[in-house]
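Heavy-atom basis, side chains included; hydrogens, waters and symmetry copies ignored.
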Amino acid sequence: MSTNNLHGTATPGAAVHDIRLVVLDMAGTTVADGGLVEQAFSTAAARLGVEPGSEDHAHKLAHVRATMGESKISVFRHLFGDEERAQLANKAFEQAYGEQVDAGHIAPIPGARETIEALKESGRTVVLTTGFARPTQDAILNALGWQDLVELTLCPADAGGRGRPYPDMVLDAFLRTKAAEGVHQVAVAGDTSYDMLSGRRAGAAVVAGVLTGAHQEDALRAAGATQVLGSVAELPALFDRLAGPDGAPA
């Protein structure tokens, strides 16, 4: 359900009439995975001796939920401490998630592909980003037939290793595509607080939260969302409204 979906206000003073680059999150924003992150985490945690249903498991799962959108290796470093255990957990997680992807347990968010195509047809550049490692990101893209859907896809390693909430992937998209003259022509959309923080720290003019994934409106707004939409499918209408009466970027 969309809440105040096209009536948010953008960052004060930002020129949002000419969005040229749109940076979209994947899982929870453009891709529906039905809770596979939590399932894959439970598999990975069990392999490292965390008993399902235990207090330790509940504590770690709560952290995973709170940090949705963050680079997964960063999450595991926090949870398991030493680098060796973190790498083992991350490998087990990526393997478990990849197996679910290969089994067909993901799908596009309704309207996501059509939205991306509409944004491209309007002359904008679209980049897909994720907190997953590159092999998992590629598996998702392959499963959906999205290998050639956008000009650029990025994972944390592509942008120097730091994922969200750092702004690196957004800024890397800005630098690599050369689609925008400045960050005032960049929009970011995602379903987590860390997506919002990443977009705000990058200086994006539009940082839109969507309600199809991990976090609810209050959390998205608290993290700096300039708008909250029911889904990514509402982005073209938002950009049309921000563009002015003619509905086209200035």
Could you check V75 against V64 for side chain to side chain contact (heavy atoms under 4.5 Å, CB included), going step by step and ending with a plain yes or no? CA-CA 7 Å; V75 173; V64 169; 4.2 Å; yes
May I ask whether [X] and [Y] are part of the same hydrophobic cluster, defined by side-chain heavy atoms of I, L, V, M, F, W, Y residues being less than 4.5 angstrom apart, directly or through others?
X    : Y    : value
L171 : V206 : no
L235 : I116 : yes
V188 : Y194 : no
L88  : Y97  : yes
L242 : V23  : no

Decide yes or no on side-chain hydrogen bond (donor to acceptor under 3.5 Å, both in side chains) for T129 and R164, but give the supporting numbers first. CA-CA 10 Å; T129 64; R164 309 179 191 108; 2.8 Å; yes
Measure from NZ or CZ of K60 to the centre of the six-membered ring of F76, then state whether that distance is under 6.0 Å and the direction lies within 45° of the axis.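 Ring-cation test returns no.
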List the steps, then state whether side chain to side chain contact (heavy atoms under 4.5 Å, CB included) holds for V37 with F132. CA-CA 10 Å; V37 168; F132 295 129; 3.9 Å; yes
Under the salt bridge (charged side-chain N to carboxylate O under 4.0 Å, His left out) rule, collect the residues that match up with [X], sequence neighbours excluded.
X    : answer
E117 : R113
D102 : none
E83  : R77

For H105, all residues meeting ring-ring contact (aromatic ring centres under 6.0 Å, His included), sequence neighbours excluded: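 For H105, no residue satisfies ring-ring contact (aromatic ring centres under 6.0 Å, His included) once neighbours in sequence are set aside.
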Who are the ring-ring contact (aromatic ring centres under 6.0 Å, His included) partners of F174, not counting sequence neighbours? none
Apply the test side chain to side chain contact (heavy atoms under 4.5 Å, CB included) to residues L229 and L238: give CA-CA distance (whole Å), side-chain angles for both, the deciding distance (0.1 Å), then the verdict. CA-CA 9 Å; L229 310 177; L238 171 64; 4.3 Å; yes
Evaluate the criterion side chain to side chain contact (heavy atoms under 4.5 Å, CB included) for residue pair L21 and T177; output intermediate values, then yes/no. CA-CA 8 Å; L21 173 63; T177 64; 3.9 Å; yes
Measuring only between side-chain heavy atoms, which start at C-beta, is P108 closer than 4.5 Å to W146? yes
Any side-chain heavy-atom pair from E217 and R221 closer than 4.5 angstrom?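 Yes, at least one pair of side-chain atoms sits under 4.5 Å.
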Which class fits the ring pair H57 and F41: parallel under 30°, tilted 30 to 60°, perpendicular over 60°?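 H57 vs F41 ring planes: tilted.
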Heavy-atom pair of closest approach, residues A179 and T125: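 Minimum heavy-atom separation between A179 and T125: CB-OG1, 3.4 Å.
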Trace of the side-chain hydrogen bond (donor to acceptor under 3.5 Å, both in side chains) decision for S198 with D195: CA-CA 5 Å; S198 177; D195 292 310; over 6 Å; no
Audit row: S193, H215, side-chain hydrogen bond (donor to acceptor under 3.5 Å, both in side chains) steps and yes/no: CA-CA 7 Å; S193 298; H215 294 160; 3.3 Å; yes
T153 pairs by side chain to side chain contact (heavy atoms under 4.5 Å, CB included) with which of L24, V127, D158, L128?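 Single pass found, and it is L128.
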With sequence neighbours left out, which residue pairs that include part of residues 28-47 fulfil the salt bridge (Lys or Arg N to Asp or Glu O under 4.0 Å) condition? E38-R65
